[in-house]
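Just so it is clear, the values below take in all heavy atoms, side chains as well, and ignore hydrogens, waters and symmetry mates.
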Amino acid sequence: MKIAGFEVGLNKPFFLIAGPCVIESREFALETAKMIRDITGELGINTLYKSSFDKANRTSGTSFRGPGIQEGLEILQEVRETTGMPVLTDVHTPEQVTLAANYVDMIQTPAFLCRQTDLIEAVGACGIPVNIKKGQFLSPPEMVNVTKKAEAAGGKGRVTVCERGASFGYNNLVVDMRGLAQMRETGCPVVFDATHSVQLPGGKGDRSGGQREFVPVLARAAVAAGVSGLFMETHPDPENAKSDGPNAWPTQKLKALLTVLQQLDQSTKAGGFEDSGY
């Protein structure tokens with residue numbers, strides 16, 4: 001599978017999706033994209049810049065959602081033109097898919113919406129790659145049904161699937177690393193979301209909490225299990241981020257973490273996979 005001109009798969013070095021949760025401003029998007037580009041460029045990691053034009057599933061109705069679709073997509077287009085990085089954003093409705101596909105290199109569907117057939121069929125038909133997040137309420141093997149919808153709509157060879165944890169009681173998520181192997185049954189490259197997996201949904205009452213100190217733990221475990229890609233929200237000042245700050249990884253610490261993950265990735269993939277039945 002190719003994304004923005006580079007090959008992805010279990011036999012390739014992991015690619016990275018990274019950026020702040022939401023577009024906070026044009027200047028902020030350009031600043032963070034340049035920071036991420038410089039870090040990943042030095043390490044030689046194929047990277048897509050990620051940020052959302054609208055966070056439609058905020059805990060509170062008063063939470064910051066973003067600049068909206070038209071302004072947000074124009075900002076992402078400027079990020080791509082200015083930095084040379086491919087870009088990714090979320091979509092929430094079939095109507096948003098067609099417009100977004102004209103501005104970005106890859107589309108992502110939010111985890112809560114993975115069972116929305118119209119949306120999954122729309123991204124399957126849009127003509128560009130899509131990262132489909134597994135719902136917190138789904139078992140990993142159930143993603144086969146989701147990807148079949150996208151592929152039947154025309155998305156075959158353009159879909160990645162993303163693990164981001166499973167609901168465990170209230171306000172908590174856990175990750176079963178077996179799921180990363182089980183999701184290979186989809187026939188799609190598997191991505192691990194290292195930051196949303198440490199989220200505590202609704203954990204602060206009017207907003208979600210998070211345990212960013214465990215991002216490296218889960219990221220190392222996932223890379224050792226074998227993945228095609230990593231998703232990681234990063235912010236230069238997580239404490240003051242407008243969305244998902246508690247689980248965002250500080251951009252200043254990104255290079256050190258990615259360096260370790262590259263070493264693990266190389267060792268894991270050099271040895272092959274005994275669990276090749278998945």
Side-chain angles (χ1 to χ4, degrees), residues 1-4 8-10 14-19 21 48-57 86-101 104-167 173 175-176 178-197 199 201 222 225-233 278:
M1 177 178 170
K2 278 192 174 183
I3 300 174
V8 304
L10 199 57
F14 71 78
F15 76 97
L16 180 66
I17 299 169
C21 180
L48 294 99
Y49 177 80
K50 180 270 170 183
S51 205
S52 299
F53 57 79
D54 179 25
K55 299 303 296 181
N57 59 351
V87 294
L88 172 149
T89 197
D90 300 294
V91 290
H92 301 88
T93 67
E95 294 74 23
Q96 291 179 347
V97 174
T98 303
L99 181 58
V104 301
D105 299 275
M106 190 174 194
I107 282 175
Q108 180 170 274
T109 58
F112 284 125
L113 302 183
C114 70
R115 290 288 297 270
Q116 298 300 307
T117 300
D118 289 347
L119 178 62
I120 298 302
E121 290 180 343
V123 296
C126 75
I128 66 172
V130 56
N131 187 38
I132 301 179
K133 287 196 169 186
K134 179 184 75 65
Q136 302 91 322
F137 46 85
L138 285 189
S139 66
E142 289 178 88
M143 284 299 287
V144 171
N145 296 322
V146 177
T147 57
K148 282 182 177 179
K149 292 179 184 178
E151 291 175 345
K156 190 169 181 62
R158 293 189 292 99
V159 176
T160 62
V161 290
C162 185
E163 171 63 86
R164 52 95 74 231
S167 296
L173 299 169
V175 178
D176 181 353
R178 296 174 298 180
L180 297 173
Q182 292 171 325
M183 283 168 61
R184 296 179 205 153
E185 287 279 9
T186 62
C188 303
V190 177
V191 176
F192 178 65
D193 182 341
T195 48
H196 285 104
S197 292
Q199 190 180 61
V227 291
S228 297
L230 286 172
F231 177 105
M232 196 177 301
E233 287 188 340
Y278 284 95

Which residues share a salt bridge (charged side-chain N to carboxylate O under 4.0 Å, His left out) with K133, sequence neighbours left out:
D193
Enter the distance from [X]:[atom1] to [Y]:[atom2] here, rounded to the nearest 0.5 Å.
X    : Y    : atom1 : atom2 : answer
Q136 : Q199 : CD    : CD    : 7.5 Å
H196 : M232 : NE2   : CE    : 12.5 Å
M106 : R158 : CE    : CZ    : 10.0 Å
K134 : E142 : NZ    : CD    : 8.5 Å
L230 : I17  : CG    : CD1   : 9.0 Å

Give every donor-acceptor pair under 3.5 Å between a side-chain atom in residues 109-117 and any protein atom, sequence neighbours left out.
from: T117; atom 1: OG1; to: K149; atom 2: NZ; distance (Å): 2.8

Where [X] and [Y] come nearest, the two heavy atoms and their spacing:
X    : Y    : answer
V227 : F14  : O-CB, 4.4 Å
V104 : I128 : O-CD1, 3.6 Å
F15  : I3   : CZ-CD1, 3.9 Å
V175 : G165 : CG2-CA, 3.9 Å

Under 3.5 Å: donor-acceptor pair, side chain of T195, backbone of E233:
yes
Applying side-chain contact (heavy atoms from CB on, under 4.5 Å) to L138 and V146, what does each step give before you reach the verdict?
CA-CA 10 Å; L138 285 189; V146 177; 4.2 Å; yes
Those residues at least two apart in sequence (or on a different chain) that pass side-chain contact (heavy atoms from CB on, under 4.5 Å) with A4 are F6, P86, D105
Please list, chain by chain and in numerical order, all residues satisfying side-chain contact (heavy atoms from CB on, under 4.5 Å) with P189, sequence neighbours excluded.
M1, V8, T160, S228
Answer yes or no: is there a side-chain heavy-atom contact under 4.5 Å between [X] and [Y]?
X    : Y    : value
R164 : L173 : yes
I107 : P129 : no
E163 : P140 : yes

Out of the candidates D90, L16, N131, only one should pair with K50 under the side chain to side chain contact (heavy atoms under 4.5 Å, CB included) rule; please name it.
D90
Run the side chain to side chain donor-acceptor pair (under 3.5 Å) test against N145 and tell me which residues pass, sequence neighbours left out.
none
Under the rule for side chain to side chain donor-acceptor pair (under 3.5 Å), what residues qualify as partners of T147, not counting sequence neighbours?
none
Please determine whether side-chain contact (heavy atoms from CB on, under 4.5 Å) holds for the pair C188 and E151, giving the CA-CA distance in whole Å, both sets of side-chain angles, and the decisive distance to 0.1 Å.
CA-CA 10 Å; C188 303; E151 291 175 345; 3.8 Å; yes
